Protein chains: 2
Amino acid sequence: MQPTPLISELAKQIAEHLRAENPQAGTRLVERKLAERFRVSRSPIRSALQLLHTQGMLGVAGSGGFITIDTPEASWPEQESIPNNDEAMYLRIAQDRLDNLLPERVTENELQRRYDLTRGELARLLRRILSEGWIERLPGHGWAFLPMLTSIEAYKDSYRFRLTIEPAAILEPGFVLDRAPLEACRQQQQRLVDGEIWSVSSPALFDMNSKLHEAIIECSRNSFFIDGLKRVDRLRRLMEYRQSLDRRYAIIRCREHVELVDLLLADRRLDASKFMKQHLSSVSVEKVMNTAGTAVQGVSSGDD
Amino acid sequence: MQPTPLISELAKQIAEHLRAENPQAGTRLVERKLAERFRVSRSPIRSALQLLHTQGMLGVAGSGGFITIDTPEASWPEQESIPNNDEAMYLRIAQDRLDNLLPERVTENELQRRYDLTRGELARLLRRILSEGWIERLPGHGWAFLPMLTSIEAYKDSYRFRLTIEPAAILEPGFVLDRAPLEACRQQQQRLVDGEIWSVSSPALFDMNSKLHEAIIECSRNSFFIDGLKRVDRLRRLMEYRQSLDRRYAIIRCREHVELVDLLLADRRLDASKFMKQHLSSVSVEKVMNTAGTAVQGVSSGDD
DNA sequence: TTTGGTATTTTGCAATAGTAAAATGCCAAA
DNA sequence: TTTGGCATTTTACTATTGCAAAATACCAAA
């Protein structure tokens with residue numbers, strides 16, 4: 001039983017899950033529970049557990065099944081070892097598109113040849129790109145890339161959109177605070193402020209920041225706001241993954257994040273909404289100032 | 001050369017195009033121009049023209065090629081004759097899903113059997129549904145439907161989202177008025193107010209109204225706002241297609257639409273934005289009142 | 001009942017070839 | 001140059017079959 005992509009992906013997620021939960025040694029890992037949680041059947045879960053066991057990260061219970069053992073945190077390796085081909089290919093296509101190496105219109109065969117993909121891999125990629133909204137099918141043959149966040153204009157557009165929906169989402173009538181995830185994000189931001197920010201990688205920083213904003217908007221319980229922000233973030237990620245973030249600005253944003261979460265945790269929603277507005281508009285201004293003088297693909301102030 | 005789906009679709013679009021342009025008899029239809037406009041190659045355009053010619057709606061020029069003839073409006077038939085199988089199937093699946101006849105999780109085979117589809121048809125359908133955001137792939141096998149606008153809650157959510165973005169879009173700095181489409185929409189709305197509303201079908205009414213709102217938001221030139229509204233509208237269409245609209249309320253909305261466009265055409269953007277806000281919130285209230293007493297799937301006030 | 005073990009069924013990807021349809025390149029005429 | 005006619009190339013859908021992997025059903029033990 002070789003690890004299929006799904007199996008190693010699941011192993012990674014289970015390890016991550018355990019790192020977050022941090023259960024005491026000897027806790028039983030119930031196959032059905034995990035299967036339900038990760039929305040797959042027991043088969044791949046079982047194989048993933050097997051895999052983690054052979055890596056010495058899980059023990060076996062006397063009566064069968066796997067249990068956690070007392071694993072020092074260091075030995076929950078970032079299971080990135082198996083570089084997910086799909087993800088890499090996805091980013092590569094995005095970069096090629098941003099660099100204008102890919103024409104606006106492409107056929108499936110072209111892509112398949114160019115990136116040496118099987119039909120299935122290509123189908124998966126196109127599905128993903130489609131659902132993220134930067135490609136569409138032409139009526140006849142082939143696909144057309146949609147304009148992405150290539151220009152500063154589009155960039156500013158994305159911030160004005162967020163400036164509209166994020167403060168409004170906090171004032172939604174159905175807004176209910178999810179304390180746990182917010183407190184987790186707050187801690188993360190505090191650690192960044194306390195110095196981690198100077199060592200963490202740009203993509204990781206980007207992810208932490210967008211995770212915080214998404215955690216907040218999810219409290220609105222309005223899926224239109226939630227989806228709206230997530231769609232913007234996925235596009236922004238493609239743009240910002242290639243930039244290195246200027247930590248001198250980023251740290252200011254992180255401080256603001258902490259303050260923002262504190263307002264929310266104190267149930268001061270109106271103040272939080274106002275603060276969000278101010279937070280986003282200052283990021284926006286910064287971006288413009290920052291990109292005005294330098295090349296579009298230069299250093300980004302950014303974060304959020 | 002039988003008409004393929006693409007060809008009959010193009011014939012329909014070309015007829016519609018001509019009805020809108022209303023060129024004088026004898027105007028030459030340039031294949032390459034049409035091909036570019038509809039983003040296909042010349043082949044299917046040529047076949048579509050051929051088709052329209054055999055239906056007696058186009059003449060031939062002395063030196064080859066097709067020209068328009070003096071066709072009374074009545075004889076530009078709504079080319080709906082060939083019921084697009086894909087579209088019908090799409091609506092059927094949406095309805096089945098809304099009626100809870102389809103489980104939350106389905107496999108491709110299940111769908112293929114249930115609706116008697118070929119692999120390709122199914123792939124096309126899934127792609128479309130995916131891009132509209134109400135289905136997603138599971139990590140293993142199969143697909144999961146996402147919660148749609150099934151509840152009144154979600155319904156109200158969609159209006160609050162619009163209430164946030166639509167008035168804001170009018171105030172976007174990049175806002176530039178597209179007079180032609182707006183004036184066309186205004187005329188359409190005026191005709192509705194003048195009595196057409198009592199005879200036009202519910203889906204047609206829905207389309208006219210959403211077209212107006214989309215025409216307005218497109219002036220913002222901010223693709224995040226534009227996309228946001230379009231996504232909401234696609235979902236709303238699925239819900240509202242099954243409802244018959246109460247014309248006594250709808251006509252009020254149409255009058256407001258005329259007024260709204262007039263404000264825009266007079267360049268009173270601030271007033272237009274305020275008016276939009278009031279317009280949307282009254283629709284929203286109406287919806288709630290209307291659905292509160294009756295069944296969810298009863299008569300909708302609606303329109304916008 | 002809950003759980004893991006095992007066997008069985010089902011799924012959907014891969015590879016292939018054939019084919020209709022769409023895209024494209026070239027040419028001649030206006 | 002613009003345009004339509006025509007021929008050719010390319011694309012992507014269809015329909016196979018085989019197979020690995022995922023889902024599922026059933027059973028026994030705790």
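Note that the structure is predicted; figures quoted are calculated from it, not measured. Residue numbers begin at 1 in each chain, while the letters A, B, ... track the order of the sequences.
- Residue-to-nucleotide contacts include a donor-acceptor pair under 3.5 Å from the side chain of B:Ser43 to the base of C:dA23.
- Within a 6.0 Å sphere centred on CD of A:Glu104, other residues, nucleotides and ligands contribute 12 heavy atoms or fewer.
- Between A:Leu6 and B:Glu121, the residue anchored closer to the 5' end of DNA chain D is B:Glu121, taking for each the nucleotide with the nearest heavy atom.
- Of the candidate nucleotides D:dT24, D:dA21, D:dG4, D:dA21 has the atom nearest to the side chain of B:His141.
- Heavy atoms of other residues, nucleotides or ligands lying less than 6.0 angstrom from CD of A:Glu136 number more than 12.
- In this structure, of C:dG25, D:dA22, C:dA22, it is C:dG25 that holds the atom nearest to the side chain of B:Arg42.
- Residues A:Arg124 and A:Gly65 both approach DNA chain C. Their nearest nucleotides, taken by heavy-atom distance, put A:Gly65 toward the 5′ side.
- Among the nucleotides C:dA22, D:dG4, D:dC13, the one closest to any side-chain atom of B:Thr4 is C:dA22.
- With hydrogens and angles disregarded, no donor-acceptor distance shorter than 3.5 Å links the side chain of B:Arg39 to the backbone of B:Glu36.
- A heavy-atom distance below 4.0 Å to DNA chain D is reached by these residues of residues 105-120 of chain A, ordered by number: A:Thr107, A:Glu108, A:Asn109, A:Arg113.
- Between A:Trp143 and B:Gly140, the residue whose closest nucleotide on DNA chain D is further toward the 5' end is A:Trp143.
- Contacts of A:Arg32 with the nucleic acid, taken as non-hydrogen atoms under 4.0 Å apart, include base atoms.
- Applying the side chain to side chain contact (heavy atoms under 4.5 Å, CB included) criterion to A:Pro181, with sequence neighbours excluded, gives A:Asp178.
- Within the 4.0 angstrom heavy-atom criterion, only backbone atoms of the sugar-phosphate kind lie near B:Leu29; the bases stay farther away.
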